[in-house]
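Numbering of residues begins at 1 and proceeds along the displayed sequence.
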Amino acid sequence: MGRTPKTNVCRRLSRRALGFFTRDAGVVQRTNLGILRALVCQESTKFKNVWTTHSKSPIAYERGRIYFDNYRCCVSSVASEPRKIYEMPKCSKAEKIEDALLWECPVGEIFPNPSDYKTSLIALTAHNWLLRISATTGEILEKIYLASYCKFRYLSWDTPQEVIAVKSAQNKGSAGARQAGTQQPGLLYLAVFRVLPFSLVGILEINKKVFTNVTDATLSHGILIVMFSSGLVRLYSFQAIIEQFMQQKLDLGCACSQGGTTGTVGEAPLGIPCNVKITDSPSPLFEVSSLENAFQIGGHPWHYIITPNKKKQKGVFHICALKDNSLARNGIQEMECCSLESDWIYFHPDASGRIIHVGPNQVKVLKLSEVENNSSQHQISEDFVIWANREDRNENLITVTASGRVVKRNFNLLDDDPEQETFKIVDYEDELDLLSVVAVTQIDAEGKAHLDFHCNEYGTLLKSIPLVESWDVTYSHEVYFDRDLVLHIEQKPNRVFSCYVYQMVCDPGEEEEVVNRSD
């Protein structure tokens, strides 16, 4: 969410605010964001649906840019109408981009090439090429051929803006080979790179010979996370695995011989050989069993959240200390709700160490704190709760017909019944320090949604924005709140995607008042 506001109002505010401060740029930026937050939340501010578009391919959003046609076309979201930033040449199905990450140059870093300082899109193509693309022109700045021995499909940050992990699709192997007991290749592969300039850390093979009954694996913050069919989750040091099991050090652009084939690392047809093969079971840093392998780490000090590995425990969450697996006081969290969709829980992304627990009619923000007179134990308590706006359900159980007959319903509605306001999405806008909550209500045959902004510290409702388009709860939805922009992406049946762009519109008179109050 690092985009500079582009509305006329925000441009004027930024220039004026800069005139009042001679201290460091960080102070100025915080002041500007404080003014923007005041503008966003003031009563007269509206968010207007400035344009809508539809596509037959997925639509993606990242930092003020909307991507269409598998990232081939990039459109600015900050203009009052679609403004194309670039459009790459049409390509074959094999060359299409399947996943991408946006990289922004860190402040103070020195790079060998001028193009390295520009924001780039790191993209993975269907035929296993890793590309670095200029985010302003669509020009391909770098390209690396990964391999032919597996199909790479997913991109993620291991360390944000520093190290990427490229994950392959899983290799299930043929049924005949499995029945014959033939040795199968790796279940999946993880290719790890440092970015800008690109350098190879290594390609790791995850195989079932070492990791028996493994179902999936991923990399995050230098930790290899391996999941097993039993519900077991194990954490390993990726650096320790590299040091112990790397077969040969490979550098991009250097000559290499592999299996009788000689070529250049990172170029076709050789690509990058798998150079990290685990031959013995490494020692895990940590392991825990959880239903459906659900596992999260966060908090201060470190805690983790799991669901006990039994089906009847679904919807029950245990919050435990990472250092000794002890359950926090009041660490079992369960929402007593009857709904088709499960509630969900996660550590707050604002780095406060708090926890967000979302159900159909409430959003609980929980805090983790030391137990009084016992600094070694921690407890969970409510910080605040956001409630859905609902009528008294008991009153609705009784209806009166036109003839005056009183009818009592002998059943209860589901907590996520579409005729009641239900929470669907909860997110956090880090720069404005606001919680954004999407609530949906079915009115007649049409669902209507609104986006609410709440104070992140106290949960107070500060602003509510109605979305003009209908909301079908059976469709897939994404909603982004990014400073002065709201963007709604919807996936309809038959792969029809819609994008609704809302921009902030302020009353000019009230804009001046906000600036004067900040002077």
Side-chain angles (χ1 to χ4, degrees), residues 1 47-78 81-82 84-85 87-88 90-91 93 95-102 121 123-126 151 153-156 167 169 292 339-344 346 358 360 414 416-419 421-429 436-452 465-482 485-503:
M1 297 185 177
F47 277 77
K48 181 182 178 182
N49 179 211
V50 291
W51 55 274
T52 299
T53 189
H54 308 280
S55 173
K56 282 288 188 180
S57 62
I59 301 171
Y61 172 77
E62 186 71 42
R63 298 181 183 272
R65 298 172 175 87
I66 306 174
Y67 295 95
F68 298 92
D69 195 13
N70 301 107
Y71 294 92
R72 192 178 66 85
C73 181
C74 179
V75 173
S76 171
S77 65
V78 299
E81 58 185 25
K84 190 179 296 183
I85 297 176
E87 185 172 4
M88 300 174 69
K90 289 187 177 181
C91 61
K93 188 176 180 180
E95 296 173 304
K96 73 174 184 177
I97 295 173
E98 293 199 332
D99 203 359
L101 298 170
L102 193 68
L121 192 71
L124 175 66
T125 70
K151 171 71 174 73
R153 184 164 288 172
Y154 312 103
L155 277 178
S156 63
K167 182 178 172 180
E292 298 173 351
S339 58
L340 295 176
E341 296 184 11
S342 301
D343 52 319
W344 68 97
Y346 57 98
V358 185
L414 291 172
D416 59 353
D417 186 277
E419 293 184 1
E421 183 175 275
T422 302
F423 295 137
K424 295 295 183 182
I425 298 173
V426 178
D427 204 354
Y428 174 62
E429 215 296 347
S436 61
V437 180
V438 176
V440 180
T441 307
Q442 190 82 19
I443 302 173
D444 297 326
E446 189 176 71
K448 298 302 292 183
H450 57 90
L451 176 64
D452 295 341
I465 300 169
L467 302 183
V468 296
E469 65 275 10
S470 63
W471 184 292
D472 191 317
V473 295
T474 64
Y475 298 168
S476 175
H477 299 268
E478 296 174 63
V479 174
Y480 299 91
F481 168 41
D482 191 355
L485 173 87
V486 171
L487 188 130
H488 174 204
I489 298 175
E490 174 185 53
Q491 181 179 351
K492 301 175 182 178
N494 302 318
R495 291 184 63 81
V496 175
F497 298 84
S498 298
C499 178
Y500 309 88
V501 178
Y502 292 76
Q503 291 178 353

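Atom-to-atom distance recorded for Asn70:CG and Thr125:OG1 is 11.5 Å, nearest 0.5 angstrom. In this structure, Leu155 CG and Leu124 CG are separated by 5.0 Å, a value rounded to the nearest 0.5 Å. One distance of note links CG of Leu121 with CD1 of Ile97; it measures 6.0 Å at 0.5 Å rounding. Rounding to the nearest 0.5 Å places CG of Asp69 at 8.0 Å from NZ of Lys90. Rounding to the nearest 0.5 angstrom, the gap separating the CE atom in Met88 from the CD atom in Glu95 is 10.0 Å. Residue Ile425 holds its CD1 atom at 7.5 Å from NE2 of His477, rounded to the nearest 0.5 Å.
No donor-acceptor distance shorter than 3.5 angstrom exists from the side chain of Arg65 to the backbone of Cys74, with no hydrogens or angles considered. In terms of modelled atom types and a separation under 3.5 Å, the side chain of Asp472 and the main chain of Thr474 share a donor-acceptor contact. Remark: side-chain polar atoms of Glu490 are not paired, donor with acceptor, to backbone N or O of Trp471 under 3.5 angstrom.
Two residues are said to be in side-chain contact when any heavy atoms from C-beta on lie closer than 4.5 Å; Lys492 and Ser498 meet this criterion. With contacts defined as side-chain heavy-atom distances shorter than 4.5 Å, the pair Pro360/Phe423 does not qualify. For the pair Tyr502/Val479, no side-chain contact is recorded, criterion being any heavy-atom separation below 4.5 Å from C-beta on. For the pair Glu341/Lys424, a side-chain contact is recorded, criterion being any heavy-atom separation below 4.5 Å from C-beta on. Looking at heavy atoms from C-beta onward, Val426 lies in side-chain contact with Tyr346 at the 4.5 angstrom threshold. Contact annotation: the side chain of Thr422 never approaches that of Val440 to less than 4.5 Å [non-hydrogen atoms, C-beta and beyond]. Residues Leu487 and Tyr500 fail the side-chain proximity criterion, which asks for heavy atoms closer than 4.5 Å. Side chains of Ile66 and Ile59 form a contact here, defined as non-hydrogen atoms less than 4.5 Å apart.
No hydrogens or angles considered: nothing links the side chains of Tyr480 and Asp427 as a donor-acceptor pair under 3.5 Å. Using a 3.5 Å distance cut-off with no hydrogens or angles, the side chains of Glu421 and His450 do pair a donor with an acceptor.
Taking all atoms of both residues into account, the shortest heavy-atom contact from Val501 to Ser77 is CG1-O, 3.7 Å. In terms of heavy atoms, Arg63 sits closest to Leu102 at CD-CD2, 3.6 Å. Considering every non-hydrogen atom in both Phe68 and Ser55, the closest pair reads CD2-CB, 4.2 Å. The shortest non-hydrogen separation linking Ser470 to Lys448 is N-NZ, 4.5 Å. Residues Asp482 and Gly64 approach most closely at OD2-N, 4.1 Å, considering heavy atoms. Looking at every heavy atom in both residues, Val438 comes nearest to Ala449 through CG1-CB, 4.4 Å.
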Item to check | Audit row: Cys73, Tyr67, side chain to side chain contact (heavy atoms under 4.5 Å, CB included) steps and yes/no | outcome: CA-CA 6 Å; Cys73 181; Tyr67 295 95; over 6 Å; no
Checklist entry - Can Thr53 and Trp51 be said to form a side chain to side chain contact (heavy atoms under 4.5 Å, CB included), step by step? => result CA-CA 7 Å; Thr53 189; Trp51 55 274; 3.7 Å; yes
Next on the checklist: Let's go through Phe481 and Leu485 carefully: what are the C-alpha distance in whole Å and the side-chain angles of both, what is the deciding distance for side chain to side chain contact (heavy atoms under 4.5 Å, CB included) to 0.1 Å, and is it a yes or a no?
Outcome noted: CA-CA 6 Å; Phe481 168 41; Leu485 173 87; over 6 Å; no
Item to check | Audit row: His488, Glu478, side chain to side chain contact (heavy atoms under 4.5 Å, CB included) steps and yes/no | outcome: CA-CA 6 Å; His488 174 204; Glu478 296 174 63; over 6 Å; no
Item to check | Step-by-step salt bridge (charged side-chain N to carboxylate O under 4.0 Å, His left out) determination, Lys151 to Glu98 | outcome: CA-CA 11 Å; Lys151 171 71 174 73; Glu98 293 199 332; 2.8 Å; yes
